[in-house]
Participant: 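One structure, pasted below without further comment.
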Amino acid sequence: MSHPSVETIKRESRRLRGTLLDGLQDATTGSLGFEDQRTIKFHGSYQQDDRDLRDERRRQKLEPAHQFMIRIRAPGGVFTPQQWLGLDAIATTHANHSLRVTTRQTFQIHGVIKRDLKATMAAINAATMDTISACGDVNRNVLGASNPLQSRLHAQVHDWAERLSAHFKPATRAYYEIWLDEEKVAESGVEVEPIYGDAYLPRKFKIAVAVPPYNDVDVFANDLGLIAILDGRGELAGFNVAIGGGMGASHGIKEHYPRAANVIGFVTPEQVFAIAEAAITVQRDLGDREERKHARFKYTIDDHGSDKIVSMMEERAGFKLAAAHPYRFEHNGDRFGWVEGEDGRWHLTLSLPSGRIADFPDGRPLLTGLREIAKVHQGEFRMTANQNVIIAGVPASERTRIDALVVQYALDRENNAGTAIARSAVACVALPTCALAMAEAERYLPTFLAVIEPLLGKHGLREQPIVLRISGCPNGCSRPYLAEIALIGRAPGRYNLFLGGDHRGMRLNTLVGDNITEAQIVATLDPLLGRYASEREVGEHFGDFLHRVGVVALPPYPTHALVSASEGTTRGQRQPGGST
Ligand code: SRM
Ligand code: SF4
């Protein structure tokens, strides 16, 4: 049976209602129908099945072990201790006893079965959170720099993330009707979607707000990036605007490529909403609605030309962009341990294993430990886009108590043991829940670290920060194409090895090993790390070194790699190749 296209489903969904209410009530299957599986994404949930159990269930002629992933909308990644406790209770009551910090600063909960979905959504709302447009062809969770040092600026950036998220939330009341039993609007399904229109966007759209010198949100991986520019007094003067970032690619299909966003100009704070809305509506109107794989803003920009897209954005926004301001990024990682914010409060960044918070059988009761912290913590929790957590806003007098809990529950194991590469490594979820995974990522990271760390030790590089990212498939949820070393799943136990991204998330890396095994990856990396250890210049990072000595060049697709962090670049300008 052929299914309708996603475009048809969206248009005919009566503003994202579809037949979801009926589908949820059908007790004969743990699955939703094809259309409802598409519609539910806009409500922040994906139908999945436990892939570890697939073969066995097939042998037993059972339907797959259907379950749902739920993603919270959390602009800027800030949660109160009460919200944390609410999520913890949901994870232990309705889900798989774990919380998963994502690369977009929020939580995913896995393993919710269909008959529990509604109760879980209601519990999320009761804990003062929602999941609206956490997935689907709309604006997704807005990232906001989580750098804890500049507390005042952080608050402002968080506010921007909140406001942008609220502004681009779909207008439909479907979510409230379906999950919270709110009364149906008079003519249910005909609400006006002033920004999205009848068919929403051709594809997902992502916004991030970065505050130099930290690019912890990987601003260039977003459809729309806002780079905060401060005036001479340290006040927010406005934002440089970058467009067309995206990571998704396909193995062997050159038309599907990752792209680093290009900087097109500068806007004042008053102009932000107009330019963001212009970008989104240009993509709404020009984006490819025939081929979903080619439907992201990055392809719209490359197909029509950056100049045309920028002109259209300016026309719709009603002003011309000013020239981009100079800015400089230092790195795209998190800073671990305690730091004092300018408000005199303290912030503790803890490295989490691929963002997974569970009570691990090896003696790391991370879920319990963070629950105990949430019970006494008076500040907030901030998720980072590198899947880590900041226990933020701790009064000096409370530090000892938090430290004691951190030690008691082994929350410092990732931070104290291991190498700099391990602390900052990012791996996507992949197996067993992700339907698209071709190889392990989150579950493989510890194994890979166990082979790479001795190599780093051998070459005296244990404390050298190197950006390592693993994705289970070329969709790139760990933003691997911006890493200095990236493994991208091809098949069980086999990866594509990419090298040469930079430590600031400003240059795409290049394929150096196609469909190779762990042994081949190690054999490739060992001599390169050795050369790096002996030939690097002072302060030179691994990816930059590989470019300088000619081991890698820029990739063959239009990279738009930004090679000079100190240059504000102008609209439409293709970035030259070369290394920093
Ligand atoms: Fe992603 C699809 C997980 C961040 C690019 N992503 C998926 C799905 C929903 C698989 C699916 O479609 O069936 C994954 C669910 C796995 C699971 O079992 O939970 C999934 N993506 C994730 C998360 C949880 C990865 C993580 O380990 O943290 C991240 C959740 C973010 C969030 O909270 O909103 C996540 N995904 C990203 C990022 C990184 C980012 O946004 O900064 C990217 C690359 C940036 C980009 O969008 O280009 C990303 N995910 C994709 C793509 C490729 C999209 C494309 O246009 O090419 C897919 C596939 C798709 O949409 O068809 C995808
Ligand atoms: Fe799944 Fe691929 Fe994303 Fe990993 S990169 S979570 S395998 S879609």
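Because only heavy atoms are used, hydrogens play no part in the values below, and waters and symmetry mates are left out as well, while side chains stay in. Counting starts at 1 for both ligands and their atoms, in listed order.
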Participant: Is it the case that more than 12 heavy atoms not belonging to Arg292 sit under 6.0 Å from its CZ atom?
Facilitator: yes

Participant: Students should be able to answer this: which protein heavy-atom is nearest to atom 4 (Fe) of ligand 2, and at what distance?
Facilitator: Cys428 SG, 2.3 Å

Participant: Is a side-chain donor or acceptor of Tyr299 paired with a backbone partner of Tyr257 at a separation under 3.5 angstrom?
Facilitator: yes

Participant: Any donor and acceptor pair, going by atom type alone, linking the side chain of Asn496 with main-chain N or O of Ile488 inside 3.5 Å?
Facilitator: no

Participant: Have a look at Phe42 and tell me which of Trp179, Tyr175, Tyr200, Tyr196 forms a ring-ring contact (aromatic ring centres under 6.0 Å, His included) with it.
Facilitator: Tyr200

Participant: Are any of the heavy atoms in Gly476 under 4.0 Å away from ligand 2?
Facilitator: yes

Participant: May I ask whether Arg140 places a heavy atom under 4.0 Å from ligand 1?
Facilitator: no

Participant: Apply the side chain to side chain donor-acceptor pair (under 3.5 Å) test between Ser146 and each candidate in Asp216, Thr349, Thr384; give the one that qualifies.
Facilitator: Asp216

Participant: Between the side chains of Arg140 and Asn222, does any donor sit under 3.5 Å from an acceptor?
Facilitator: no

Participant: Taking N or O atoms only and a 3.5 Å limit, does Val429 qualify as a polar contact for ligand 1?
Facilitator: yes

Participant: Heavy-atom distances under 4.0 Å are what count here, so tell me which part of Leu436 touches ligand 1: side chain, backbone, both or neither.
Facilitator: side chain

Participant: For Phe329 and Tyr327, take the angle between the two ring planes, folded into 0 to 90°, and tell me which bin it lands in: parallel under 30, tilted 30 to 60, perpendicular over 60.
Facilitator: perpendicular

Participant: Numbering the atoms of ligand 1 from 1, which are under 4.0 Å from a heavy atom of Cys428?
Facilitator: 27 (O)

Participant: Can you pull out the closest protein heavy atom to atom 29 (C) of ligand 1? Residue, atom name and distance to 0.1 Å, please.
Facilitator: Thr103 OG1, 3.3 Å

Participant: Can you tell me which residue and heavy atom of the protein come closest to atom 48 (O) of ligand 1, and the distance to 0.1 Å?
Facilitator: Met247 N, 2.7 Å

Participant: Of the protein's non-hydrogen atoms, which lies at the shortest distance from atom 60 (C) of ligand 1, and what is that distance?
Facilitator: Arg203 NH2, 3.4 Å

Participant: Which of parallel (below 30°), tilted (30 to 60°) and perpendicular (above 60°) describes Phe205 and Phe297?
Facilitator: tilted

Participant: Report yes or no: does Gln47 contribute a side-chain atom to a donor-acceptor pair with the main-chain N or O of Leu32 at less than 3.5 Å?
Facilitator: yes

Participant: Which one holds for Ala437 and ligand 2: side chain close, backbone close, both close, or neither close, with close meaning a heavy atom under 4.0 Å?
Facilitator: both

Participant: Among Arg100, Lys293, Met383, which residue places a heavy atom closest to atom 27 (O) of ligand 1?
Facilitator: Arg100

Participant: Please state which protein non-hydrogen atom is closest to atom 56 (O) of ligand 1 and give its distance, to 0.1 Å?
Facilitator: Arg296 NH1, 2.8 Å

Participant: For atom 5 (S) of ligand 2, find the nearest protein heavy atom and state the residue, atom name and distance (0.1 Å precision).
Facilitator: Cys477 N, 3.4 Å

Participant: Could you work out, for atom 17 (C) of ligand 1, the closest of Met69, Arg73, Gln48 by heavy-atom distance?
Facilitator: Gln48

Participant: Would you say Lys298 contacts ligand 1, with heavy atoms under 4.0 Å as the rule?
Facilitator: no

Participant: What protein heavy atom sits nearest atom 3 (C) of ligand 1, and how far off is it?
Facilitator: Arg71 NH2, 3.7 Å

Participant: Salt bridge or not for Lys114 and Asp36, using N-O below 4.0 Å?
Facilitator: no

Participant: Which is closest to atom 11 (C) of ligand 1 by heavy-atom distance: Phe205, Tyr257, Tyr46?
Facilitator: Tyr46

Participant: Are Gln108 and Thr102 close enough that a side-chain donor and a side-chain acceptor fall under 3.5 Å?
Facilitator: no

Participant: Non-hydrogen atoms of Ala427 versus ligand 1: any pair closer than 4.0 Å?
Facilitator: yes

Participant: Determine whether Asp302 and Lys298 satisfy the following criterion, salt bridge (charged side-chain N to carboxylate O under 4.0 Å, His left out), listing intermediate values before the conclusion.
Facilitator: CA-CA 6 Å; Asp302 284 347; Lys298 61 183 175 183; over 6 Å; no

Participant: Nearest to atom 19 (O) of ligand 1 by heavy atom, Gln67, Gln108, Arg479, Arg356: which?
Facilitator: Gln108

Participant: Where is the nearest protein heavy atom to atom 2 (Fe) of ligand 2: which residue, which atom, and how far?
Facilitator: Cys473 SG, 2.3 Å

Participant: Relative to ligand 1, is Thr102 under 4.0 angstrom through side chain, backbone, both or neither, heavy atoms considered?
Facilitator: both

Participant: Is the shortest distance from a heavy atom of Arg292 to ligand 1 less than 4.0 Å?
Facilitator: no

Participant: For ligand 1, is Gly355 a contact, meaning one of its heavy atoms is under 4.0 Å away?
Facilitator: no

Participant: Could you check Arg38, Arg289, Arg203 and say which one makes a salt bridge (Lys or Arg N to Asp or Glu O under 4.0 Å) with Glu7?
Facilitator: Arg289

Participant: At under 4.0 Å between heavy atoms, which part of His110 makes contact with ligand 1: side chain, backbone, both or neither?
Facilitator: side chain

Participant: Determine whether Phe107 and Phe79 satisfy the following criterion, ring-ring contact (aromatic ring centres under 6.0 Å, His included), listing intermediate values before the conclusion.
Facilitator: CA-CA 10 Å; Phe107 281 110; Phe79 293 84; 4.9 Å; yes

Participant: Write out the residue and atom name of the closest protein heavy atom to atom 38 (C) of ligand 1, then the distance separating them to 0.1 Å.
Facilitator: Lys206 NZ, 3.4 Å

Participant: Which one holds for Gln387 and ligand 1: side chain close, backbone close, both close, or neither close, with close meaning a heavy atom under 4.0 Å?
Facilitator: side chain

Participant: Quick test: of every protein heavy atom, which one is nearest to atom 61 (O) of ligand 1, and how far off is it to 0.1 Å?
Facilitator: Lys204 NZ, 2.7 Å

Participant: Is it true that the side chains of Glu63 and Ser31 contain a donor and an acceptor less than 3.5 Å apart?
Facilitator: no

Participant: Under 4.0 angstrom from ligand 1, any heavy atom of His256?
Facilitator: no

Participant: Just by distance, do the side chain of Asn141 and the backbone of Arg73 share a donor-acceptor pair under 3.5 Å?
Facilitator: no

Participant: Give me the residue, atom name and distance of the protein heavy atom closest to atom 1 (Fe) of ligand 2.
Facilitator: Cys434 SG, 2.3 Å

Participant: Using atom types as modelled and distance alone, determine if a side-chain donor or acceptor of Asn215 lies under 3.5 Å from a backbone N or O of Arg504.
Facilitator: yes

Participant: Which protein non-hydrogen atom lies closest to atom 6 (N) of ligand 1, naming both residue and atom, and how far is it?
Facilitator: Cys477 SG, 3.1 Å

